[in-house]
Amino acid sequence: MLCKGKLYVVGVPIGNLEDITFRALKVLKEADLIVAEDTRRTSILCSHYAITTKLRSFHSYSSPKTLQSIVSRLSEGENICLVTDAGTPSVSDPGTELVAEARKANIEVIAIPGPSALTAAVSICGLQGDGLLFLGFLPRSGTRRKKALVRLRSSQECVVFFESPFRLKATIQELAKCLPERNAAIFRELTKIHEEALVGSFQELDARLQEVERVRGEITIVVEPSTNETGATPARLEDDELQERIETLQKEGLSTSAMAKSLALEDGRSKQELYDYIVHMKKTGESES
């Protein structure tokens, strides 16, 4: 019976090519194949370390046929490494689908830990928090973006998210309006030659970014936890945003009291006022129906 191969999920540098482990180099050199988000980017790393393993492209736009072809090679006994352009696959990067399909085929999946902009930013931000909430890339618009911003605003843990350099100024300006005094840290091009850090309140960060003509590079942002438990009052949600949150909580089966308690962490109104608001909203909905 043919022995199945293994899928190695390999963390690679997020900038500085020296930020790679000995173990990662070993498996990349010994593997039968490296599947990469962008073979052009990965070939730079391979050339630097004299890695001659064959490269194959695999990214979020790859076809189901490509996915199954890789799984078939694993099933036939080949050892394959999965890498992304920078950092660790499946952390806001392609890879989750391949890992899931490999597991379905009873193929062993092995993590080769490595660099991550997430942990790098948290380690040097200097913002206090007992936990961590990672949002990946914020949705660009619509209800999903509103929900993500509500989570960010009310979180009792440090919040980390990635942002496109093209949307950074608009996002910080938006956060400066609703959370002007909340502290945050913006990291650009971590571990690279032009690495930069901006730390301060959203209001201060907004002012500093307005002086910048164009933002370039990879962006990671860390936001300090909400201080609502110590007496600070969050901004009131807009009516349509509040109604959307109530509808979401209703679908989750929460009681009126539980909904009011949950929303009080996100909205500037008291639990009693929110309770009355929800009751009124329910009555209005029943009368209209």
Side-chain angles (χ1 to χ4, degrees), residues 11-20 36-45 57 59-61 83-96 114-127 132-142 144-153 155 158-180 182-224:
V12 297
I14 59 176
N16 192 314
L17 292 181
E18 295 181 3
D19 292 335
I20 191 166
E37 182 181 3
D38 186 335
T39 55
R40 295 167 299 182
R41 294 281 293 273
T42 304
S43 65
I44 297 173
L45 175 69
S57 177
H59 45 71
S60 55
Y61 300 105
V83 300
T84 186
D85 285 352
T88 304
S90 300
V91 182
S92 286
D93 286 297
T96 303
S116 168
L118 167 64
T119 51
V122 171
S123 71
I124 61 174
C125 69
L127 300 174
L132 185 66
L133 172 63
F134 177 53
L135 299 180
F137 281 93
L138 292 181
R140 295 188 182 187
S141 59
R144 290 181 63 241
R145 182 176 179 84
K146 288 182 179 180
K147 289 181 179 178
L149 290 176
V150 166
R151 293 182 70 191
L152 184 156
R153 182 163 52 188
S155 176
C158 278
V159 178
V160 185
F161 65 95
F162 300 147
E163 186 55 284
S164 160
F166 306 107
R167 297 191 295 272
L168 177 65
K169 293 174 73 172
T171 294
I172 297 302
Q173 190 172 54
E174 183 178 5
L175 291 168
K177 291 179 180 178
C178 61
L179 298 170
R182 184 78 65 85
N183 290 317
I186 301 173
F187 297 100
R188 187 179 71 84
E189 295 288 81
L190 279 166
T191 79
K192 300 178 184 177
I193 296 175
H194 301 292
E195 178 175 337
E196 182 181 17
L198 298 177
V199 182
S201 69
F202 276 121
Q203 193 171 50
E204 294 169 338
L205 294 173
D206 180 40
R208 293 174 71 176
L209 285 174
Q210 296 311 313
E211 299 174 356
V212 179
E213 184 176 347
R214 182 181 177 186
V215 180
R216 291 183 173 90
E218 304 289 334
I219 307 295
T220 305
I221 302 172
V222 185
V223 185
E224 73 175 350

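These figures come from a predicted structure and were not determined experimentally.
In this structure, CZ on Arg214 lies 6.0 Å from CZ on Phe166, to the nearest 0.5 angstrom. How far CG of Asp38 is from OG of Ser43: 8.0 Å, rounded to the nearest 0.5 Å. Between Leu168 atom CG and Gln173 atom CD the span is 11.0 Å, to the nearest 0.5 Å. Separating the CG atom in Asn183 from the CG atom in Leu205 is a distance of 8.5 Å, to the nearest 0.5 Å. The OG1 atom of Thr39 lies 8.5 Å from the NE2 atom of His59; values are rounded to the nearest 0.5 Å. With rounding to the nearest 0.5 Å, the separation of CD in Glu195 from CD1 in Ile193 is 11.5 Å.
Ring centers of Phe134 and Phe162: under 6.0 Å apart, within the cut-off.
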Criterion side chain to side chain contact (heavy atoms under 4.5 Å, CB included) on Ile172 and Ile221, from CA distance to verdict: CA-CA 10 Å; Ile172 297 302; Ile221 302 172; 4.1 Å; yes
Criterion side chain to side chain contact (heavy atoms under 4.5 Å, CB included) on Val91 and Thr84, from CA distance to verdict: CA-CA 10 Å; Val91 182; Thr84 186; over 6 Å; no
Residue pair Ile20, Leu45: steps toward the side chain to side chain contact (heavy atoms under 4.5 Å, CB included) verdict: CA-CA 10 Å; Ile20 191 166; Leu45 175 69; 4.1 Å; yes
Verdict with reasoning, Arg188 to His194, per side chain to side chain contact (heavy atoms under 4.5 Å, CB included): CA-CA 8 Å; Arg188 187 179 71 84; His194 301 292; 4.1 Å; yes
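Just one of Arg167, Arg145, Lys169 meets the side-chain hydrogen bond (donor to acceptor under 3.5 Å, both in side chains) condition when paired with Glu174; it is Arg145.
Take Arg182 and apply the side chain to side chain donor-acceptor pair (under 3.5 Å) test, not counting sequence neighbours, and it matches no residue.
Annotation: side chain of Val223 is not in contact with side chain of Leu175 (no heavy-atom distance under 4.5 Å). Looking only at side-chain heavy atoms (C-beta outward), Asp19 and Ile14 stay at 4.5 Å or farther from each other. Contact check for Cys125 versus Phe187: side-chain heavy atoms found under the 4.5 Å cut-off. Between Asp206 and Gln203, every side-chain heavy-atom pair lies at or beyond the 4.5 Å cut-off. Side chains of Ile186 and Ile219 form a contact here, defined as non-hydrogen atoms less than 4.5 Å apart.
Here the side chain of Ser90 pairs a donor or acceptor atom with the backbone of Thr96 at under 3.5 angstrom. Within the 3.5 Å criterion, the main-chain N or O of Glu37 finds no donor-acceptor partner in the side chain of Asp85. For the pair Ser155 (side chain) and Leu152 (backbone), a donor-acceptor distance under 3.5 Å is absent.
Within a 6.0 Å radius of CD in Glu218, no more than 12 heavy atoms belonging to other residues, nucleotides or ligands are found.
Residues Cys158 and Glu224 come closest through the heavy atom pair SG-CA, 4.4 Å. Listed here is the closest heavy atom pair of Ala148 and Leu138: CB-CD2, 4.0 Å. The two residues Val199 and Ala185 have their closest heavy-atom pair at CG2-CB, 3.9 Å. Heavy-atom minimum distance, Glu189 versus Gly217: OE1-CA, 3.2 Å. Residues Thr88 and Pro115 approach most closely at OG1-O, 3.2 Å, considering heavy atoms. Between Cys178 and Pro180, the shortest heavy-atom contact is C-CD, 3.4 Å.
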